[in-house]
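Please read all numbers here as calculations on a predicted model, not as lab measurements.
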Amino acid sequence: MTEQNASPPKEIIVYSTTWCPDCKRAKRFLGEQRVSYTNIDIEQDPEAMARVEAINRGMRSIPTIVFPNGDILVEPSNAQLAEKLGLQTKAQRTFYDSIVIGAGPAGLTAALYLAREGLDALVIEKAGLGGQAGATQRIDNFPGFDEGVGGVEFGERLAHQARRFGVEILQTQQVADISQDGPYLCVTTGKGDLFQTRAVLLATGARYRKLGVPGEDDLVGLNIHFCATCDGAFYKGKEVLVIGGGNSGFQEGLMLTKFARKVDIVEFGPTVQASAFLQEQVAKRPEMSVFVNHAVKGFKGRDRLEAVVVEDRSSGEVKEWHYDGVFVFIGLSPNNDLGRGKAKLDPMGFIVTDSRLMTSLPGLFAAGDVRSGSTKQAASAAGEGATAALMIRDYLRKVA
């Protein structure tokens with residue numbers, strides 16, 4: 001469907017309401033694929049309501065999504081959205097020399113190295129390209145990008161480079177299971193598609209633990225961050241709040257003082273867990289303060305951070321703090337579902353590998369943030385991806 005009576009927008013516009021479950025699903029899909037869009041609540045905008053009614057012959061069908069070329073999708077499924085966005089959702093065959101699960105720096109680097117070695121490689125990714133790095137507003141510490149690079153552009157460049165060597169990248173697909181069938185590993189997607197291979201690389205990464213409080217999801221990537229190294233430079237001369245009183249919170253807070261003029265740390269418990277050395281370093285900084293026994297209850301603001309809602313746990317008083325940005329450091333959770341029960345995990349749930357980056361299950365490798373002992377940095381993840389590809393090459397030569 002193409003809109004005829006109005007000039008097409010410069011970007012995707014989603015007409016929705018706050019209560020519509022299909023609207024939430026469509027917006028979540030666009031967000032996961034890192035597709036920029038403008039959301040308009042038709043219940044708050046009479047002109048938008050009238051436009052939706054005009055498009056849908058008097059009906060208020062939502063979501064109604066208008067694309068820059070004038071095309072319109074009304075109440076689309078995720079599959080329809082994927083097709084419209086030109087995402088590859090169907091693989092060309094069912095057997096590959098190697099299958100990589102995850103399209104972050106580790107997975108995409110491994111795939112292009114495998115392809116350069118003359119091996120067929122399939123990458124399966126459920127969300128956007130680039131992994132956590134792709135979700136970062138800007139990356140300033142990746143070698144070769146001397147002026148920095150936007151996260152979305154970074155992910156797209158990695159994918160383009162991999163495709164240039166013949167890598168297939170299957171998007172919007174989630175792997176449901178990995179199983180053994182004789183000398184092969186079988187990879188099954190949530191849609192029921194089955195692929196066979198001799199080697200699988202788990203490059204599923206890890207996710208920063210969120211607070212799970214109101215307003216958080218609206219501001220992640222805008223004024224709420226999980227990487228001081230990646231996003232600290234955006235707060236030169238500004239005031240930021242670090243959430244988390246462990247070693248990571250104190251280390252990242254100290255790093256942020258290179259940019260921000262004020263860095264406060266808030267800890268949920270009555271005492272911080274950071275090492276004595278780090279506590280001493282923070283205490284020496286006049287621009288840093290530490291608040292304990294305070295719970296962050298939510299965030300206000302949609303397009304920008306307006307306030308942090310906190311509760312003083314000793315008195316029960318609820319108050320609002322005002323900062324330009326917030327950095328959350330309350331731990332990492334590995335995306336280890338596919339390795340659990342099949343490969344050895346460390347006490348934190350990260351996947352254990354040997355010197356070849358192979359797990360305790362023959363043919364199953366792991367690299368990047370999901371791997372036990374990794375440094376959780378994009379550059380080192382790319383290095384692990386290259387190493388894993390070469391180890392897979394050698395493994396395949398032995399088992400072929």
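- Ring geometry for F327 versus F329: interplanar angle under 30°, hence parallel rather than tilted (30 to 60°).
- E306 meets the salt bridge (charged side-chain N to carboxylate O under 4.0 Å, His left out) test with no other residue; sequence neighbours excluded.
- Between atom CZ of residue R371 and atom CD of residue E384 there is a gap of 4.0 Å, rounded to the nearest 0.5 Å.
- With a 6.0 Å radius and a threshold of 12 heavy atoms from other residues, nucleotides or ligands, K297 has its NZ atom at or below the threshold.
- Of the possible donor and acceptor atoms, one in the side chain of S374 sits under 3.5 Å from a partner among the backbone N and O of G368.
- Applying the ring pair (Phe, Tyr, Trp, His ring centres under 6.0 Å) rule to F268 yields no partners; only residues at least two apart in sequence or on another chain are considered.
- Between the side chains of E43 and T17, no donor-acceptor pair of N or O atoms lies under 3.5 Å.
- For the residue pair E125 / Q173, no side-chain donor-acceptor distance below 3.5 Å is found, with atom types taken as modelled.
- Tested against S16 for a side chain to side chain contact (heavy atoms under 4.5 Å, CB included), the candidates I13, V14, T18 yield a single pass: V14.
- Residue-environment remark: CZ (R356) stays at or below the threshold of 12 foreign heavy atoms within 6.0 Å.
- A salt bridge is defined here as a Lys NZ or Arg NE, NH1 or NH2 lying under 4.0 Å from an Asp or Glu carboxylate O, and K284 with E280 fails to meet this definition.
- Contact of the S372 side chain with the I351 side chain is not registered, since no non-hydrogen atoms from C-beta on lie closer than 4.5 Å.
- Pairs passing the ring-ring contact (aromatic ring centres under 6.0 Å, His included) check and including a residue from residues 160-212, sequence neighbours excluded, read F95-Y184, Y208-F226.
- Every residue two or more places apart in sequence or in another chain that forms a salt bridge (charged side-chain N to carboxylate O under 4.0 Å, His left out) with E320 is listed here: K300.
- In this structure, the side chains of D41 and Y15 stay at 4.5 Å or more apart for every pair of heavy atoms.
- Sequence neighbours left out, the pairs with a member in residues 107-119 that pass side-chain hydrogen bond (donor to acceptor under 3.5 Å, both in side chains) are E117-R393.
- In this structure, V318 shares a hydrophobic cluster with V309, the cluster being traced through Ile, Leu, Val, Met, Phe, Trp and Tyr side chains under 4.5 angstrom apart.
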What's the verdict on side chain to side chain donor-acceptor pair (under 3.5 Å) for S380 and T375, showing C-alpha distance, side-chain angles and the deciding distance? CA-CA 7 Å; S380 58; T375 62; 2.4 Å; yes
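- Applying the ring pair (Phe, Tyr, Trp, His ring centres under 6.0 Å) test to Y395 and every residue at least two apart in sequence or in another chain returns F365.
- Residues W321 and K319 are in side-chain contact: their nearest non-hydrogen atoms beyond the backbone lie under 4.5 Å apart.
- By the salt bridge (charged side-chain N to carboxylate O under 4.0 Å, His left out) test, K27 is found to be paired with no residue, residues two or more places apart in sequence or in another chain being considered.
- For the pair I101 and V200, the minimum side-chain heavy-atom distance is below 4.5 Å.
- A salt bridge links D71 with K84: at least one charged nitrogen is closer than 4.0 Å to a carboxylate oxygen.
- V292 is not listed as a side-chain neighbour of P270, based on a closest heavy-atom distance of 4.5 Å or more.
- Listed by first and then second residue, the ring-ring contact (aromatic ring centres under 6.0 Å, His included) pairs involving residues 332-351 amount to none (not counting sequence neighbours).
- Between I62 and I42 the shortest heavy-atom distance is CG2-CD1, 3.8 Å.
- Here the CZ atom belonging to R207 is positioned 9.5 Å from the CG atom belonging to L332, to the nearest 0.5 angstrom.
- If you look at H225 and Y235, their ring centroids are closer than 6.0 Å.
- Between the side chain of R34 and the backbone N or O of L129, at least one donor-acceptor pair lies under 3.5 Å.
- T188 OG1 to L194 CG: the interatomic distance, rounded to the nearest 0.5 Å, is 4.5 Å.
- Counted by atom type alone, N56 and T64 present one or more donor-acceptor pairs between their side chains at under 3.5 Å.
- Side-chain contact of Q196 with Y96: a donor-acceptor pair under 3.5 Å is absent, judged by distance alone.
- Between R163 and I169, some side-chain heavy-atom pair lies under the 4.5 Å cut-off.
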Let me check something: any side-chain donor-acceptor pairs from residues 209-217 under 3.5 Å, sequence neighbours excluded? List them with distances.
from, atom 1, to, atom 2, distance (Å)
R209, NE, S333, OG, 3.0
K210, NZ, D217, OD1, 3.1
E216, OE1, L211, N, 3.2
E216, OE1, G212, N, 2.7
E216, OE2, L211, N, 2.9

List the atom pairs, donor and acceptor, that lie under 3.5 Å between side-chain atoms in residues 237-250 and the rest of the protein, sequence neighbours left out.
from, atom 1, to, atom 2, distance (Å)
E239, OE2, R261, NH1, 3.1
E239, OE2, R261, NH2, 2.9
N247, OD1, S275, N, 2.8

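- A heavy-atom distance below 4.5 Å is found between the side chains of Q180 and L361.
- Residues L201 and I392 form a side-chain contact, since some pair of their non-hydrogen atoms from C-beta on lies under 4.5 Å apart.
- Rounding to the nearest 0.5 Å gives a distance of 9.0 Å between NZ of K342 and CG of L364.
- Listed by chain and residue number, D264 satisfy the salt bridge (charged side-chain N to carboxylate O under 4.0 Å, His left out) test with K262 (two or more places apart in sequence, or in another chain).
- Between the CG atom of N39 and the SG atom of C23 there is a distance of 8.0 Å, given to the nearest 0.5 Å.
- The line from CG of N223 to CG of D218 is 11.5 Å long, rounded to the nearest 0.5 Å.
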